[in-house]
> 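Quick one: structure below, then a few questions.
Position 1 is the first residue of the sequence; numbering continues from there.
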Amino acid sequence: MLKFDAILPAGGRIDPAFAIKVGTENKALIRFGSQTILSRTVQVLRDTGQINRIIVIGTPEVRSDENLIEGVTYLSSGASGPENILNGLKYLLGTEEPPARVMVVTTDLPFLTVDVMHRFIAACPTDKDICVPLITKAEYEARFPDSSSTFIPLKDDTWTAGCAYMMDSGALQRSMPHIERVFANRKSKLGMAKLLGFGFLLKVITKSLTVPIAIKKVEAILACSAAGVLHCPPELAYDIDDLEDYEYAKSHMENAV
């Protein structure tokens, strides 16, 4: 069984009204039941049996999570998500056993499970530098009906991206400046299209863009190989961005019991 190191950026903040509701300003420390999203994520990764070292990058309060499993390495957060990921990668590359590949998982996925991670890892091609989970709108809405997400209509379907990524460590390091720009525009359809060029924007507008064409464009921009892992579990795409997301997730969990 293949094993990887994992980088968990945990520096995300939420707005004041949301923070009052959940009792924390740190997104990763939002609780569902007895666990924070961060501690649940760490536990899930450990329980897969496919994760070696886990690096958590965040503000000092993430260290206070009493549910975290021993053996987690903490690093201070930087100015952005990509910077945090790069700091985690630099740490790992500076150890006696630098990883060839790493798993990056955001810490705002309340529905993450061992089975979800096993399915994604198994579907990632081993000869690609970057693997990104893709989920259709129909797949997402079947799992989370009446919830909100950001979808991009393409010729071959309407898609959203998940928040776990399998990456070659060297390619990740080389591509970080470009990833920073993508990260800044990740929630904007128009921003992403502009970032990728007028021709790409035209294909989006005319709905002639397909996943393979988009992947080739990404490969050209990042100078590495990439794969869109199709039809991944929708749980990889349900992230907590605001109070509406939190309330939906809380209700969804309570009704599932």
> List the atom of Pro125, the atom of Ala227, and the distance in Å for their closest heavy-atom pair.
CG-CB, 3.6 Å

> So if you build clusters from Ile, Leu, Val, Met, Phe, Trp, Tyr with side-chain heavy-atom gaps below 4.5 Å, do Leu93 and Ile55 land together?
yes

> Nearest heavy-atom pair of Val105 and Ala164: which atoms, and what distance?
CG2-CB, 4.2 Å

> Met117 versus Pro233: any side-chain heavy-atom pair under 4.5 Å?
no

> Work out which heavy atom in Leu236 is nearest to a heavy atom in Cys232; give both atom names and the distance.
CD1-CB, 4.2 Å

> Do you know which two heavy atoms are closest between Arg46 and Val72, and how far apart they sit?
NH2-N, 4.0 Å

> Could you list the donor-acceptor pairs under 3.5 angstrom formed by side chains in residues 7-14, with sequence neighbours left out?
residue : atom : partner : partner atom : Å
Arg13   : NH1  : Thr59   : OG1          : 3.4
Arg13   : NH1  : Glu61   : OE2          : 2.8
Arg13   : NH2  : Glu25   : OE1          : 3.0
Arg13   : NH2  : Glu61   : OE2          : 3.4

> For the atom pair OG1 (Thr158) and NZ (Lys207), what is the distance rounded to the nearest 0.5 Å?
7.0 Å

> With a 4.5 Å cut-off on side-chain heavy atoms, are Cys224 and Ile130 touching?
yes

> Within the side chain of Thr41, is there an N or O that forms a donor-acceptor pair under 3.5 Å with the backbone of Ile37?
yes

> Could you go through Phe120 and Met103, starting from their C-alpha distance and side-chain angles, then the distance that decides it, and tell me whether this counts as side-chain contact (heavy atoms from CB on, under 4.5 Å)?
CA-CA 11 Å; Phe120 173 58; Met103 176 73 70; 3.9 Å; yes

> Just wondering, do Glu247 and Lys21 contact through their side chains at under 4.5 Å, heavy atoms?
yes

> Are any of the side-chain heavy atoms of Phe4 and Asn52 separated by less than 4.5 Å?
no

> Going by heavy atoms in the side chains, are Ile57 and Ile85 under 4.5 Å from each other?
no

> Could you go through Tyr165 and Val102, starting from their C-alpha distance and side-chain angles, then the distance that decides it, and tell me whether this counts as side-chain contact (heavy atoms from CB on, under 4.5 Å)?
CA-CA 8 Å; Tyr165 317 98; Val102 295; over 6 Å; no

> Tell me, please, which residues at least two apart from Tyr248 pass ring pair (Phe, Tyr, Trp, His ring centres under 6.0 Å).
Tyr238, His252

> Run the ring pair (Phe, Tyr, Trp, His ring centres under 6.0 Å) test against Tyr140 and tell me which residues pass, sequence neighbours left out.
Phe144, Phe151

> Nearest 0.5 Å, what's the NZ-OG distance between Lys137 and Ser149?
10.0 Å

> Which pairs, with at least one residue in residues 81-92 and sequence neighbours excluded, count as a side chain to side chain donor-acceptor pair (under 3.5 Å)?
none

> Going by ring-ring contact (aromatic ring centres under 6.0 Å, His included), name the pairs with one or both residues in residues 45-66, residues two or more places apart or in two chains.
none

> Salt bridge (charged side-chain N to carboxylate O under 4.0 Å, His left out) with Arg40: which residues, sequence neighbours excluded?
none

> Checking Glu244 now: which residues fulfil salt bridge (charged side-chain N to carboxylate O under 4.0 Å, His left out) with it, not counting sequence neighbours?
none

> Provide the closest heavy-atom pair for Ile121 versus Gln50 in the form atom of the first, atom of the second, distance.
CG2-NE2, 3.5 Å

> Quick one: does any side-chain atom of Ser175 pair with a main-chain N or O of Leu172 as donor and acceptor, under 3.5 Å?
no

> So, Thr24 versus Arg31: side-chain donor-acceptor pair below 3.5 Å or not?
no

> By ring pair (Phe, Tyr, Trp, His ring centres under 6.0 Å), which residues pair with His231, not counting sequence neighbours?
Trp159

> Please, which pairs that meet side chain to side chain donor-acceptor pair (under 3.5 Å) have at least one residue in residues 121-131, sequence neighbours excluded?
Asp129-Ser225

> Within this structure, what is the SG-CE distance for the pair Cys131 and Met166, rounded to the nearest 0.5 Å?
7.0 Å

> If you apply the rule side-chain contact (heavy atoms from CB on, under 4.5 Å), what do you find for Glu235 with Leu112, and how did you get there?
CA-CA 6 Å; Glu235 290 85 352; Leu112 197 67; 5.8 Å; no

> To the nearest 0.5 Å, what is the distance between NZ on Lys155 and CG on Asp157?
13.5 Å

> If I compare all heavy atoms of Thr160 with all of Ala237, which pair ends up nearest, and what's the gap?
CG2-CB, 3.9 Å

> Roughly how far, to the nearest 0.5 Å, is the CD1 atom of Ile240 from the OG1 atom of Thr107?
11.5 Å

> Tell me, please, which residues at least two apart from Thr136 pass side-chain hydrogen bond (donor to acceptor under 3.5 Å, both in side chains).
Glu139

> Would you say Met253 and Pro110 make side-chain contact, with heavy atoms under 4.5 Å?
yes

> Is the closest side-chain heavy-atom distance between Ser169 and Pro98 below 4.5 Å?
no

> Stepwise, does the side-chain contact (heavy atoms from CB on, under 4.5 Å) test hold for Leu38 with Val56?
CA-CA 9 Å; Leu38 174 59; Val56 174; 4.2 Å; yes

> Taking atom types as modelled and ignoring hydrogens, do the side chains of Asp108 and Thr106 form a donor-acceptor contact shorter than 3.5 angstrom?
yes

> Could you measure the distance from the CG atom of Asp47 to the NE2 atom of His118? Nearest 0.5 Å is fine.
9.0 Å

> Any carboxylate oxygen within less than 4.0 angstrom of a Lys/Arg side-chain nitrogen, looking at Asp241 and Lys27?
yes

> Can you tell if the side chain of Ser251 reaches within under 4.5 Å of the side chain of Asn255, non-hydrogen atoms only?
yes

> Please tabulate, for side-chain N and O atoms in residues 208-216, each donor-acceptor pair with protein atoms closer than 3.5 Å (sequence neighbours left out).
residue : atom : partner : partner atom : Å
Ser208  : OG   : Thr206  : OG1          : 3.0
Thr210  : OG1  : Ile213  : N            : 3.4

> Holding to salt bridge (charged side-chain N to carboxylate O under 4.0 Å, His left out), I want the full list of residues that pass it with Arg119, two or more places apart in sequence or in another chain.
Asp115

